Amino acid sequence: MIADDFKIDFINKRIYYGENGSGKIYTVNELYSYLQDTFDEPENMSYQIPIRATSQTIYLLINGWSIDTASRKFLKDGILT
Amino acid sequence: MAGTVTSNLIDVNTCEVIGSWVAGIGATGTTLQDTFGLKKQGSFCLAMSVFLATSEVVIPITSIDLTGATIYVWLNFVTTYAMGTLTSGAMRVRIQDGTNWGDWFVGGTDNYGNLEATATGTGGTGVGGWVCYAINTARAFSLKSASAPALTTITSIGVGFSSPSADPTGGNATNNVFWDVIRHDNKLGLNGGLAISAGTVASPATFQDFVDADNLAANAYGVARKSVGAYVLKGPITIGSATAGTATEFNDKSQTVTFDDALVATSGIYGITIKGNTTAATNVTWGNFVSSVASKGISISSPGNVLEKLATATGGIQPGYGSLAVATTTTITRTVGDWQVDGYVVGARITTSGFTTPANNGTFHITATSALTLTVSETLTVETSATTRTVTGVRDIRWDLVCTSAAGVVTPKFSACTFKDMGRGTLISTVEMRSCTVTNFGDITPAGALIDKCTFLDVNTFAPFSGIWALIINATTDVNSKITNSSFTNCNKAIKITAAGTYTFNNLTFSGNTFDIENSIVATQYDFLAGANAVTTSLRSGSFVGVSQSFTGTGATLTSASFALKKTGAPTGNAVVKLYAHSGTFGTSSIPTGAALATSDNINVANLTTSYVTTNIQFSTVAQQYVLVNATNYVITVEYSGGSVGNTLDVGSNVGGHAGNYADLTGSTWTAIAANDATFAVYVNANVIINATSGANPGTFTNTGNGSTTIINSVTITITVLASSGAGILNARVAVYKTSAIAPGSELLLTNTNASGVATTTFNYLVDTAVTIRVRFDSAGSTRYFPYESTGIITSSGLSVIANMVLDTIAS
């Protein structure tokens with residue numbers, strides 16, 4: 001599951017691939033869908049949304065969120081800027 | 001005439017004969033002549049010739065006390081072309097005590113209403129006219145003997161005239177100045193002047209009745225006249241009579257009443273008093289109130305702040321003149337005369353003009369250090385050019401509105417009235433005040449009057465009037481169902497509350513006030529022990545963590561409690577005071593039992609000193625305010641579990657002194673010590689609770705006694721979440737945060753929408769609050785929407801936002 005591999009540091013606004021991740025590569029759309037699903041949970045409503053989609057393949061990190069280069073290696077099929 | 005007008009003025013001299021009129025002490029009095037052609041009152045007036053001279057004459061009287069009295073005198077300076085200025089003393093009123101004399105300058109070219117002098121001031125054909133001047137003896141003399149006359153033993157009253165010009169006819173013998181009846185108000189203040197009673201519903205008393213009575217030659221009170229459609233008053237009036245059986249029906253509408261610019265005191269002289277008696281009705285109606293609509297009210301005003309030139313100075317009247325230094329004090333010296341001439345009062349405002357720097361045209365407060373010197377007590381901006389500045393004083397003349405109760409038979413009804421530059425107002429419970437506007441005023445005591453749809457604007461806080469509040473409330477019944485739908489703007493401390501209780505503010509709105517509410521209540525010290533603190537209990541973690549004292553309750557609401565507290569070392573954290581039910585034998589083994597009945601606000605122990613100070617701790621919210629049951633024993637405690645060895649909260653107690661007893665807490669065990677009593681006090685009945693309803697927005701308060709104030713203003717936050725179809729979205733997640741504090745757990749609202757797409761909650765409104773609204777519903781397995789975020793303001797009306805959601809067709 002993507003939730004087991006991609007971690008969210010709410011305090012530092014950082015999304016990263018966990019050290020003990022499965023090694024599975026996900027589409028950017030899967031990451032986007034996962035993040036939206038996560039940030040509508042009650043405990044996460046106070047945090048700003050990290051990502052915006054402009055099309056099925058183009059996505060934008062917003063509100064100061066970041067994903068490090070190493071973690072980006074586990075993403076495919078989309079542009080994430 | 002429907003109303004019966006009577007005068008409360010005392011005749012000093014009617015000026016019908018020369019009689020004993022003589023020259024004043026140290027003055028020259030020319031030959032007096034009877035004259036009847038220009039008389040104002042009765043059949044004759046007195047006259048003399050004053051050209052290129054100053055003449056003052058007086059009539060001896062039986063010694064009277066004129067302290068604080070207002071003197072009225074008619075003066076007529078026919079040859080206005082030969083008239084000087086007010087400050088030269090063209091027309092004067094004089095009093096003498098047999099040895100000393102004092103003059104008030106009352107008229108001159110500056111203020112003489114019928115002036116027709118030529119541009120050069122000489123050779124004109126001006127004709128003067130009768131003007132009644134009023135001077136209150138509280139005013140400083142314009143000119144006096146070495147010692148001022150004793151107001152308590154005045155033995156002569158008179159007039160004076162001064163002319164800088166010769167008689168153009170060359171004779172200098174023509175009678176050119178005249179005076180008529182001199183009266184005083186018998187020191188009655190607001191009860192002096194004129195009074196009116198009688199009238200019927202069909203033919204009520206009106207303001208015109210005052211003028212009609214004043215215009216009679218036999219009267220010529222000089223108190224009421226009509227000018228340019230407005231009624232002009234130079235003294236107080238009373239409507240109604242305290243005489244048993246005398247009824248009054250006063251009804252007038254769409255009138256303007258103005259108190260004249262005379263040399264009277266700031267307050268206590270001008271006013272309208274409405275009074276009655278217990279055996280006849282007194283109905284006073286100003287304006288119409290028909291079908292719940294107020295109209296055609298009475299507009300009443302006084303001069304209020306009157307600007308007048310006091311001095312002209314060239315340079316140097318500002319601190320640090322000629323340099324960029326800014327000092328906090330400086331001296332302004334008037335070139336000639338007395339600062340108090342024309343009514344300048346110490347502490348009044350001074351403004352300056354003639355500056356090249358706009359910032360210097362400010363308003364300053366001044367304090368007189370002597371009769372001739374003023375010290376600016378505020379920092380001023382430096383003026384570096386040598387321009388000539390004019391210093392202008394503000395004297396303040398106001399009128400009071402006083403309604404006196406007479407067993408409920410006095411019914412004043414004010415509709416659509418405007419009260420401007422009013423002084424203080426004293427109302428009664430039968431007053432009905434609807435859709436009125438009160439501006440530039442202060443300190444009205446409603447006393448249960450009905451006040452609806454009224455506007456209170458600009459409490460005048462400046463000296464000498466020095467108003468503080470718009471309304472002074474002395475009981476819950478003064479407000480509840482009585483004061484409604486009214487606004488308070490720029491009212492300093494808008495509403496002062498002097499009695500504990502629960503008040504309903506029904507659509508009372510506030511803006512621009514320093515405080516919307518002042519709670520001035522001093523709590524009742526119900527029970528206490530003021531000991532010398534011979535015994536100290538040090539509270540800290542791992543040792544004693546509490547001290548208690550038992551006492552017996554009264555049927556009153558707990559407001560606060562005090563203990564003798566100090567610190568040793570540097571303890572940190574908070575202590576609290578708690579109230580418990582009582583266990584054990586009172587005075588011997590009293591200890592707390594059960595959960596705390598009430599817990600106080602926090603005390604930051606770091607702020608204590610190292611010496612004992614009686615420290616009062618508030619129970620400031622409704623939830624904290626426990627109602628003590630009469631004759632029931634309780635235990636009050638102070639508890640602190642922070643600190644460490646050497647860093648303690650110390651509680652003072654004593655050996656004996658109170659009927660209850662001390663106990664201390666270690667861990668969770670209370671141990672009573674029968675012989676000891678804590679230094680403590682319990683305060684009750686100073687709690688004010690404000691229930692704001694119907695859009696009321698009180699938000700700020702100050703507790704100037706030792707009570708507490710709680711504002712409860714529950715407004716509704718409603719977020720409606722809609723799909724593009726307009727249908728409500730079920731189970732959308734909605735959160736609302738204060739924009740200044742968006743963090744987990746700080747939500748004002750956090751819930752899912754109902755089937756109508758609505759999420760709602762209540763909020764205690766105190767001030768407009770900026771909020772951030774978030775709606776998210778983008779979960780796998782359901783219809784997904786892009787996140788929604790917006791901002792809004794929670795106002796006294798609450799907040800209602802519609803969130804239009806857009807389908808997220810990208811998420812999978």
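Convention: sequence-line order gives letters A, B, ...; per-chain numbering from 1. Note that this is a predicted model, so its numbers are computed, not measured. All heavy atoms count here, side chains included; hydrogens, waters and symmetry mates do not.
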Expected contact set for residues 24-34 of chain A against chain B at heavy-atom separation under 4.5 Å reads A:N29, A:Y32, A:S33

Tightest non-hydrogen contact, residues B:Y737 and A:S46, listed as OH-N, 2.9 Å

Contact list (residues 791-804 of chain B to chain A, heavy-atom gap under 4.5 Å, by number) returns none

Ordered numerically, the heavy-atom neighbours of chain A under 4.5 Å found in residues 749-761 of chain B are B:L750

The interface call for B:T809 against chain A, heavy-atom contacts under 4.5 Å, is backbone

Whatever's closer than 4.5 Å to a heavy atom in chain B on A:Y59 counts as side chain

Most heavy-atom pairs under 4.5 Å with chain A, out of B:I742, B:D778, B:D808, B:V775, belong to B:D778

On a heavy-atom basis, the closest approach of A:N44 and B:R776 is O-NH1, 3.2 Å

The interface call for A:S55 against chain B, heavy-atom contacts under 4.5 Å, is backbone

Is it true that, when you exclude B:N607 itself, more than 12 heavy atoms of the residues, nucleotides or ligands shown sit nearer than 6.0 Å to its CG? yes

For residues 727-736 of chain B against chain A, heavy atoms under 4.5 Å, the residues are B:R733, B:V734, B:A735

* Might you confirm whether atom NZ of B:K738 has over 12 heavy atoms from other residues, nucleotides or ligands at distances under 6.0 Å? => no

Exactly one of A:Q56, A:Q36, A:R52 clears side chain to side chain contact (heavy atoms under 4.5 Å, CB included) with B:I810, and that residue is A:Q56

Between the CG atom in A:D37 and the CZ atom in B:R784, the distance rounded to the nearest 0.5 Å is 5.0 Å

Without swapping roles, check the side chain of B:R774 against the backbone of A:D40 for a donor-acceptor pair under 3.5 Å. no

